[in-house]
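Data first, discussion second: the structure below is written as structure tokens.
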Amino acid sequence: IMLHSTLALSLLLIAVSSNLAIAIKKEKKAPQTLSRGWGDEITWVQTYEEGLYQAKKSNKPLMVIHHLEDCQYCQALKKAFAENEEIQEMAQNNFVMLNLMHETTDKNLSPDGQYVPRIMFVDPSLTVRADITGRYSNRLYTYEPQDIPFLIENMKKALRLIQTEL
């Protein structure tokens, strides 16, 4: 009889949690769930397609962060990214922001492979900026926590390039 009640309780928990998941999905998407720890004050778009649309519409560059939950390098970069006020402010005001835990079908976003963490910029003309790279020649779009100042420079560069090219 013990087994039976444990099973019933498990089923009840499963039912409750899946209903909860459905309820969460139905609500208007709250930015902090999409932030995944990269910055709760930032408004994040949900998909690459939405990001492209918003970039074009708002005339802001799209910043795409590829990462994985169980990647220690991603976690370290995320922490540094979330704690940096200058990055957070620029991300809130000057960029369309997307963080992805899966690859997009756009091959332009993986010019040198599908590794994480990887940060790329797409300008409002929907051009992937292969010219805005990090410090490492083997993984052009990766950044480490100590590269935050370099990432800030690249964010500024992405903003400058729009101004000069329009």
Side-chain angles (χ1 to χ4, degrees), residues 25 28-166:
K25 272 196 194 119
K28 183 152 173 39
K29 51 181 188 288
Q32 60 275 20
T33 55
L34 291 175
S35 96
R36 300 187 180 95
W38 290 89
D40 288 345
E41 300 303 311
I42 298 168
T43 303
W44 297 89
V45 294
Q46 204 158 8
T47 63
Y48 182 54
E49 292 66 31
E50 186 190 347
L52 293 175
Y53 173 77
Q54 292 294 345
K56 201 171 178 65
K57 196 174 89 169
S58 66
N59 200 35
K60 292 177 178 177
L62 167 64
M63 183 170 176
V64 184
I65 304 171
H66 285 95
H67 64 108
L68 289 171
E69 210 49 64
D70 56 1
C71 153
Q72 63 184 25
Y73 304 104
C74 301
Q75 293 298 346
L77 181 63
K78 179 194 297 188
K79 188 175 184 308
F81 187 98
E83 287 171 359
N84 186 286
E85 283 178 27
E86 192 175 359
I87 283 187
Q88 292 294 307
E89 193 191 342
M90 275 198 288
Q92 286 167 45
N93 300 319
N94 308 109
F95 287 84
V96 175
M97 298 294 296
L98 173 66
N99 70 74
L100 287 178
M101 292 174 41
H102 57 83
E103 285 297 333
T104 62
T105 50
D106 186 346
K107 294 286 174 270
N108 295 314
L109 283 181
S110 49
D112 65 340
Q114 299 188 337
Y115 51 85
V116 291
R118 186 165 96 247
I119 299 179
M120 300 193 69
F121 297 92
V122 185
D123 66 30
S125 67
L126 307 188
T127 309
V128 175
R129 304 290 335 198
D131 54 346
I132 303 180
T133 55
R135 297 192 309 129
Y136 308 97
S137 54
N138 58 336
R139 293 185 165 193
L140 291 175
Y141 305 97
T142 204
Y143 296 85
E144 293 185 347
Q146 65 269 25
D147 302 329
I148 287 291
F150 198 75
L151 179 58
I152 290 170
E153 284 312 305
N154 276 347
M155 289 173 81
K156 290 176 178 170
K157 184 176 175 184
L159 291 169
R160 268 200 314 275
L161 286 170
I162 294 176
Q163 307 312 322
T164 56
E165 289 179 8
L166 285 178

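Between Gly51 and Val96, the closest heavy-atom pair is O-CG1, 3.8 Å. What you find for Ala158 and Phe121 is that their closest heavy atoms are CB-CD2, 3.8 Å. Heavy-atom minimum distance, Asp112 versus Asn138: OD2-O, 4.1 Å. Closest of all the heavy-atom pairs between Asn99 and Ser35 is ND2-O, 3.2 Å. Ala55 approaches Leu62 most closely through the heavy-atom pair CB-CB, 4.1 Å.
The side-chain contact (heavy atoms from CB on, under 4.5 Å) test with Met63 is passed by exactly one of Ile132, Asn154, Leu151: Leu151. Only one option out of Ile87, Thr43, Ile42 pairs with Gln92 in a side-chain contact (heavy atoms from CB on, under 4.5 Å); it is Ile42. When Pro111, Ser110, Pro117 are each tested for a side-chain contact (heavy atoms from CB on, under 4.5 Å) with Tyr141, only one passes: Pro111.
When atom types are taken as modelled, the side chain of Glu50 and the backbone of Gln46 share a donor-acceptor pair closer than 3.5 angstrom. A distance-only check finds no donor-acceptor pair linking the side chain of Trp44 to the backbone of Thr33 [under 3.5 Å]. Between the side chain of Asn94 and the backbone N or O of Lys60 there is no donor-acceptor pair closer than 3.5 Å. Although no hydrogens or angles enter the test, the distance criterion places no donor-acceptor pair under 3.5 Å between the side chain of Thr127 and the main chain of Asp123.
Rounded to the nearest 0.5 Å, atoms CE (Met155) and CD (Glu86) are 8.5 Å apart. Note: His102 NE2 to Thr47 OG1 = 8.0 Å, rounded to the nearest 0.5 Å. To the nearest 0.5 angstrom, Leu77 atom CG is 7.5 Å from Thr142 atom OG1. Separating the NZ atom in Lys107 from the CD atom in Gln114 is a distance of 6.0 Å, to the nearest 0.5 Å. Here the straight-line distance linking atom CZ of Arg135 with atom CG of Leu140 works out to 13.5 Å at 0.5 Å rounding. Atom CG of residue Asn93 and atom CD of residue Gln88 lie 11.0 Å apart, to the nearest 0.5 angstrom.
The side chain to side chain donor-acceptor pair (under 3.5 Å) search around Glu103 returns Arg118, not counting sequence neighbours. Take Asn84 and apply the side chain to side chain donor-acceptor pair (under 3.5 Å) test, not counting sequence neighbours, and it matches no residue. Taking Asp106 as the reference, Tyr48, Asn108 meet the side chain to side chain donor-acceptor pair (under 3.5 Å) condition, with sequence neighbours excluded. Qualifying salt bridge (Lys or Arg N to Asp or Glu O under 4.0 Å) partners for Glu89, counting only residues two or more places apart in sequence or in other chains: none. Glu153 pairs by the side chain to side chain donor-acceptor pair (under 3.5 Å) definition with nothing, not counting sequence neighbours.
Salt bridge status for Lys78 with Glu69: present, with a side-chain N to carboxylate O gap under 4.0 Å. Salt bridge status for Glu144 with Arg139: absent, with no side-chain N to carboxylate O gap under 4.0 Å.
Residues Leu100 and Leu109 form no side-chain contact, since every pair of their non-hydrogen atoms from C-beta on lies 4.5 Å or further apart. Contact check for Glu49 versus Leu52: no side-chain heavy atoms found under the 4.5 Å cut-off. At a threshold of 4.5 Å between non-hydrogen side-chain atoms, the residues Leu34 and Val45 do not count as touching.
Residue-environment remark: NZ (Lys79) stays at or below the threshold of 12 foreign heavy atoms within 6.0 Å.
Among residue pairs with one or both ends in residues 64-90, those qualifying as ring pair (Phe, Tyr, Trp, His ring centres under 6.0 Å) are Trp38-His67, Trp38-Phe81; sequence neighbours excluded.
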